[in-house]
Asks: 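Next up is a structure, given as structure tokens.
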Amino acid sequence: MSGDSVPAFCADLGELRRRSSRSAAALAAQLSVSRGHFYSILKGEIRRPPDFSGFVEPFVRACGGTDEEVAQWRKRHAELERSYEEQRRQQRAAVGSEGQNKGRGTASEGSGGEGGGSPGGDAGVGTPQYEYVRPRNLWALLAGAVVMVMVLSVITAVVTTQLSDDEDEPKVASPAPSTSTTAAVTGAELCPLPAPAEGKNVLDALPDVQQTGNPLHRLWWSSNEAWLQFGHLAEHGFDAQVQGGRREPWELIVVRSCVPLTGGAKYRLTFQAQADHPAHMRVRVQENPPTNLESFERDLEIGAGGKTYSYTFTAARTYPAGELTFQVGNNTEDFELTISDVAIAQIPG
């Protein structure tokens with residue numbers, strides 16, 4: 001495909017996996033690659049096209065691809081490789097041209113007088129005299145290092161004095177850890193959109209992150225991206241690779257912000273959950289920090305095959321910046337989590 005890019009190519013591989021219903025964990029094991037590297041490829045977090053014979057072809061076949069489909073992917077991969085190499089060639093040429101220009105400037109600067117010859121000899125015309133530049137650069141670096149040491153000494157003295165002055169002041173206790181990392185701002189500031197009408201999915205009240213630039217307005221976000229890597233993100237669901245090894249549910253959370261709730265109103269929460277092997281999960285509807293006021297909480301045991309869950313709850317109070325959280329920190333082993341068809345709607349009662 002002309003004008004193809006590595007991220008677009010990888011995104012289409014990810015779409016192929018989703019259509020095949022194969023789990024990322026199973027495919028990674030079949031292809032003998034780590035889950036982290038597998039997700040890096042499907043998320044386009046690689047610089048050059050993935051190897052065709054080592055990854056793309058076996059991946060396509062594992063997802064049920066026919067010989068004809070493999071041939072189409074091979075053609076597209078070859079065009080992507082040519083495009084990538086051409087971009088590399090142009091970048092190398094640009095860097096080389098810039099280096100030559102800098103070399104000419106250095107040679108001219110290092111020449112002695114109008115005749116262009118080097119001091120003490122009849123060097124060839126235009127020969128770069130780099131030996132006359134290096135000592136000067138070295139002295140400049142040494143001078144800069146001395147200045148940096150002096151600045152750090154002053155900063156250290158100021159900080160030490162400030163700490164000494166504060167010893168007699170009363171100490172303020174650190175706040176308890178929140179169950180999520182949403183910024184402690186007012187609900188109206190974080191979530192300016194009005195709550196949907198009764199019967200409508202309140203998750204649809206999320207502001208557009210492309211317009212606001214607020215990372216909390218992403219469809220879903222994690223309290224620790226090193227421990228949880230998203231695969232597919234959708235408006236009403238996601239799949240993710242969860243790293244085990246923690247003890248408390250709130251140590252690793254997937255969050256949906258801007259869930260507007262009306263105090264005293266009744267809501268129905270529904271979703272489908274699936275894991276590639278048995279896992280623990282806590283579902284919680286709450287206000288954003290610092291209050292974390294709970295309207296609903298339930299601990300679940302989820303597993304393969306997928307199951308639809310449905311609960312009703314009453315909102316604790318009116319608040320535009322509620323959160324829906326899936327807390328998965330209390331798992332000892334890694335697992336793949338899939339959440340889909342998520343909805344919270346106000347119901348009569």
Side-chain angles (χ1 to χ4, degrees), residues 174-225 227-228 230 233-238 240 248-271 273 281-300 309-329 337 339-349:
S174 300
S178 300
T179 57
S180 80
T181 55
T182 305
V185 297
T186 66
E189 291 174 336
L190 179 63
C191 306
L193 297 184
E198 183 176 300
K200 300 294 183 181
N201 192 348
V202 299
L203 300 189
D204 296 336
L206 183 69
D208 186 352
V209 66
Q210 299 297 328
Q211 296 181 7
T212 66
N214 189 333
L216 300 182
H217 294 161
R218 291 172 291 178
L219 293 176
W220 303 92
W221 55 276
S222 167
S223 62
N224 191 313
E225 295 182 357
W227 296 344
L228 187 145
F230 287 111
L233 289 172
E235 188 172 9
H236 300 131
F238 61 89
E248 300 295 338
W250 47 260
E251 290 185 71
L252 186 56
I253 313 174
V254 176
V255 185
R256 179 62 175 261
S257 300
C258 293
V259 176
L261 300 173
T262 301
K266 193 173 183 179
Y267 291 86
R268 175 174 287 113
L269 164 65
T270 57
F271 60 92
M281 181 173 72
R282 174 175 294 171
V283 184
R284 182 180 171 96
V285 180
Q286 63 182 38
E287 292 183 5
N288 73 309
T291 65
N292 298 316
L293 180 64
E294 169 199 337
S295 288
F296 171 81
E297 181 177 286
R298 187 67 55 91
D299 289 326
L300 306 174
Y309 298 85
S310 180
Y311 305 100
T312 59
F313 67 91
T314 300
R317 68 169 181 167
T318 299
Y319 196 69
E323 294 180 339
L324 170 62
T325 70
F326 294 95
Q327 305 181 14
V328 292
L337 172 66
I339 302 292
S340 59
D341 301 326
V342 184
I344 299 178
Q346 184 177 343
I347 58 177

Asks: Distance from L219 atom CG to R256 atom CZ, nearest 0.5 Å?
Replies: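 If I round to the nearest 0.5 Å, the distance is 5.5 Å.
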Asks: Taking 4.0 angstrom as the limit, do E251 and R282 come out as a salt bridge?
Replies: no
Asks: Atom CG of N288 and atom SG of C258: how far apart are they, to the nearest 0.5 Å?
Replies: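 So the CG of N288 and the SG of C258 are separated by 8.5 Å.
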Asks: Measure the shortest side-chain to side-chain distance between V255 and S223 over non-hydrogen atoms and say whether it is less than 4.5 angstrom.
Replies: no
Asks: For C191 and P320, work out which heavy atoms get closest and say how close.
Replies: CB-O, 3.4 Å
Asks: More than 12 foreign heavy atoms under 6.0 Å from CZ of R268: is that the case here?
Replies: no
Asks: Under a 3.5 Å cutoff, is there a donor and acceptor pairing between the side chains of T325 and Q327?
Replies: yes
Asks: Donor-acceptor pair, T318 side chain versus G263 backbone, under 3.5 Å?
Replies: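 Pair found, side chain donor or acceptor close to backbone of G263.
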Asks: Let me see the working for D341 and H236 under side-chain contact (heavy atoms from CB on, under 4.5 Å), right down to the final yes or no.
Replies: CA-CA 5 Å; D341 301 326; H236 300 131; 5.9 Å; no
Asks: Once rounded to the nearest 0.5 Å, what's the spacing between atom NZ of K266 and atom OG1 of T314?
Replies: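 It is 6.5 Å, given to the nearest 0.5 Å.
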Asks: How long is the span from the CD1 atom in I344 to the OH atom in Y267, to the nearest 0.5 Å?
Replies: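 Between atom CD1 of I344 and atom OH of Y267 there are 9.0 Å.
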Asks: Quick one: closest heavy-atom pair of S295 and L261, and the distance?
Replies: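 Looking at all heavy atoms of both residues, the closest pair is OG-CD1, 4.0 Å.
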Asks: Please report the shortest heavy-atom distance between E225 and R218, naming the atom on each side.
Replies: OE2-NH1, 3.3 Å
Asks: Does the W220 side chain pair with the main chain of G237, one donor and one acceptor, at a distance under 3.5 Å?
Replies: yes
Asks: Specify the closest pair of heavy atoms between S222 and L228, including all atoms of both residues, with the distance to one decimal.
Replies: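 Taking S222 first and L228 second, the nearest heavy atoms are OG-CB, 3.7 Å.
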Asks: Side chains of Y311 and R298: closer than 4.5 Å at any heavy-atom pair?
Replies: yes
Asks: So how far is it from F296 CZ to L269 CG, rounded to the nearest 0.5 Å?
Replies: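 Reported to 0.5 Å precision, the distance equals 5.5 Å.
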Asks: Between E323 and Q286, does any side-chain donor sit less than 3.5 Å from a side-chain acceptor?
Replies: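 Present: a donor and an acceptor within the cut-off.
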Asks: Does any non-hydrogen side-chain atom of E235 lie less than 4.5 Å from one of D204?
Replies: yes
Asks: Quick one: closest heavy-atom pair of V342 and I339, and the distance?
Replies: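 Taking V342 first and I339 second, the nearest heavy atoms are CG2-CG2, 3.4 Å.
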Asks: Are V283 and L324 close enough that some pair of their side-chain heavy atoms sits under 4.5 Å apart?
Replies: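 The answer is yes, as the side chains (C-beta and beyond) meet within the 4.5 Å cut-off.
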Asks: Are F271 and F326 an aromatic pair, judged by ring center distance below 6.0 Å?
Replies: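 Yes, ring centres under 6.0 Å apart.
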Asks: Quick one: are S257 and H217 in side-chain contact, heavy atoms under 4.5 Å?
Replies: no
Asks: Rounded to the nearest 0.5 Å, what separation is found between the OG1 atom of T270 and the OH atom of Y309?
Replies: 13.0 Å
